[in-house]
Amino acid sequence: MKAVRYYGTQDVRVETVPDPQIINPRDAIIKVTSSAICGSDLHIYGGFIPTMHKGDILGHEFMGEVVEVGSANHRLAVGDRVVVPFTIACGRCYFCKQELWSLCDNSNPNAWMAEKVSGYSGSGLFGYSHMYGGYPGGQAEYVRVPFADVGPLKVPASLSDEQVLFLSDIFPTGYMAAENCSIKPGDTIAVWGCGPVGQFAIKSAYLLGAERVIAIDRFPDRLTLARAEGKADVLNYMDVDILGALRDMTGGQGPDACIDAVGLEAHGTTIDARYDRVKTSMYMATDRVHALREAIAACRKGGTVSIPGVYGGWLDKFPLGAAFAKGLTLKMGQTHMHKYMPRLLERIERGEIDPGYIITHRVGLDDVPQMYETFRAKQDHCIKVVIKPGEKMSYAHQHVGHVH
Amino acid sequence: MWYAPCCHISGNTGDDMHTDRLIEDAPSPTRAVTLGGLERWGSVTTAAAIMLYGVSRRTPAGIGLALAATPLAYRGLAGRWPPPLTTRHPGPEATRAALSGDRGFVVHESVRLELPVAEVYQFWRRVENLPRFMDHLHQVTDTGNGRSHWIAKGPGGVLVEWDAEIINEVENQVIGWRSLPGGDVTVAGSVNFDSVRGGRSTQLTVRLQYAPPAGRVGAFVSFLAGREPSQTIREDLRHLKQILEAGEVARATAPRAATPQAASQANAPRDIERGEQHELWRMP
């Protein structure tokens, strides 16, 4: 089969590899009908994620058709159409039973690596480094899905791939980010980053009862989408002082909760952002922390800072003092996918949201390396790239141009 | 049971180890005069340099050179030259003698499982199950009357064998065993089963005290050969937990096999869906 493989910083290639096979009794093999490039794939592409090996198959947002099931998988049948969560969970350990699915004890074969960094390991992930299990990912024609009797969600034929594909990661991730804000009626929520997760965090904050959402980015396309589809007020940090603007917009009190949907590659115009940039470029720091610092500074007293953005290392100049002084609650972590997927599928079925609105590009597998670069550089108004592995598509003709 | 490289490897030098001791003290054979610290370090570093040089050459002669340095490394680590090979099994009191006093290594590790204690206990008590989660064990056979025969993969793929007997057993609480004289390995161990979280979970604690064939040098050589000394027992218990909780060992790739046929064969002994595993198959 063809698959997208990692070869180094800003080097991914499409190559032919052996088809995946059933290894364990609870496995299933999925023929991928739709896949996607995630913003967190760009962290890999940028060389920020350790324990990636040459030849690793990328991709953790995918869906498709079941073509083979293991002997102990009694929940799926050949022909089922499923969306696959990017976190792999056994469903039976302490953490799965607590609905902390992304912290599953039993799904990471390389747990010892993560234990060296974090003390204890979270769940295995598709296509996201050997520290998270070394599982081949979903930017491919076929994928082996472990513990497929608890993960994949069957989807009705009445919904298109593009309506349900983002249940695999970014919609639940944006939703959990908003849920972590403990939103009460009348609340104002500020969202840093208007990429796909930020867009869904905006939508979800309204679904959960927020009165006002303020979205922060620097790319006009993304801010336009946040305003047009997300109904958010938008701030471009290239033009305005974010802390001052948020203070003014909330009567001097600050947003009730702040969502950092940016993560470890934050950009910024302030001194601290430049400091991060210099330090990380000299390999003296692991993460660029600007967005999180600003979210902590902006948040009202007693508020919540919710962090769906990915962080990987030891943060420099992290303002824990400010968080302490204001009695903030910090919530973070990989999304507990299995908990959110069924309830969000219901919301899609009820027509409360159609997540396909963020798609800007549709490509075949051969064009994926080029799209990584387009997505990284935010060229061509790129917000979300959907991959159709089964179709021969030309990059040049599949630009959707949604927001302009 | 024999763990070549283990975590928490510690020479039995401190009194704090008495709580872990599985064999009571026996009259210790006369010990050679131990060396001073500087001399021991000199031996270790010299041996390590020779070994590293030998291994780095990646030739049979280089490996031979590395192996030739093992007695020197033993001398540095143990404080005395290794005993002649012919005295490895001195007599019927071998286990007691080898593991008494300050001899042998003590390792311990624990894991918690989301299963009632009886299920975990029954799985462990059936000694044939042990190779399913202990990578280096080739086969364990119950020979009756609390005795069992063990075959393990030693360093370099050499098979080592020994017999063991259960010396302490309280159902759903503890199993203790020790090797019988005449085997390749001298070992004693215990596993405790503690019911926690109101009986919903089991905390399992393994303690092992062992004298590998070449003492600390064996562990050192295994380490040089590339195995992760601190991970073996922890990984084994992780696999036990995966088998009992999830029904299978999590794998990103087929285990050590080039062909699908070989892969399915290699996976077969661990396949929970085959054989007697159905009683352990539980839906959440």
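Source: prediction; values computed, not measured.
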*Asks:* Check the pair A:W112 / B:E235 against side-chain contact (heavy atoms from CB on, under 4.5 Å), numbers first and verdict last.
*Replies:* CA-CA 8 Å; A:W112 63 272; B:E235 290 304 318; 3.4 Å; yes
*Asks:* List in chain and number order the residues that pass side-chain contact (heavy atoms from CB on, under 4.5 Å) with A:D80, two or more places apart in sequence or in another chain; answer none if no residue qualifies.
*Replies:*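 Listed in chain order: A:V66, A:L76, A:A77, A:V82, A:K154.
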*Asks:* Do you know which two heavy atoms are closest between B:A252 and A:P109, and how far apart they sit?
*Replies:*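 Taking B:A252 first and A:P109 second, the nearest heavy atoms are N-CG, 3.8 Å.
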*Asks:* Answer with yes or no whether the side chains of A:N106 and B:Q242 bring together a donor and an acceptor at under 3.5 Å.
*Replies:*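 No - no donor-acceptor pair under 3.5 Å links their side chains.
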*Asks:* So which part of A:P136 gets closer than 4.5 Å to some heavy atom of chain B, the side chain, the backbone, both or neither?
*Replies:*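 Side chain of A:P136 only, per the 4.5 Å heavy-atom cut-off to chain B.
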*Asks:* Over all heavy atoms of both residues, which pair between B:T253 and A:I23 is shortest? Give the atoms and the distance, please.
*Replies:*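 Where B:T253 meets A:I23 most closely, the heavy atoms are C-CD1, 3.4 Å.
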*Asks:* For chain B, which candidate among A:G134, A:C93, A:G133 shows the most heavy-atom pairs at distances under 4.5 Å?
*Replies:*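 Among the listed options, the one with the most contacts to chain B is A:C93.
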*Asks:* CZ of A:R92 to CG of B:L115: how many Å apart, nearest 0.5 Å?
*Replies:*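 If we round to the nearest 0.5 Å, A:R92:CZ and B:L115:CG are 10.0 Å apart.
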*Asks:* Could you measure the distance from the CG atom of B:L113 to the OH atom of A:Y94? Nearest 0.5 Å is fine.
*Replies:*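 If I round to the nearest 0.5 Å, the distance is 14.5 Å.
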*Asks:* Within this structure, what is the CD-SG distance for the pair B:E245 and A:C96, rounded to the nearest 0.5 Å?
*Replies:*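 Going from the CD atom of B:E245 to the SG atom of A:C96 covers 9.0 Å.
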*Asks:* Checking heavy atoms, do the side chain of B:R197, its backbone, both or neither come under 4.5 Å from chain A?
*Replies:*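 Side chain only.
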*Asks:* Can you name the residues that form a side-chain contact (heavy atoms from CB on, under 4.5 Å) with A:A111, not counting sequence neighbours?
*Replies:*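 Partners of A:A111 under the side-chain contact (heavy atoms from CB on, under 4.5 Å) test: A:N108, A:E115, A:S121, B:R238.
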*Asks:* Working to the nearest 0.5 angstrom, can you tell me the gap between A:R26 CZ and B:E248 CD?
*Replies:*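 Result: 5.5 Å between the selected atoms.
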*Asks:* Using 0.5 Å steps for rounding, measure from the CG atom of A:N24 to the CZ atom of B:R251.
*Replies:*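 Reported value, rounded in 0.5 Å steps: 6.5 Å.
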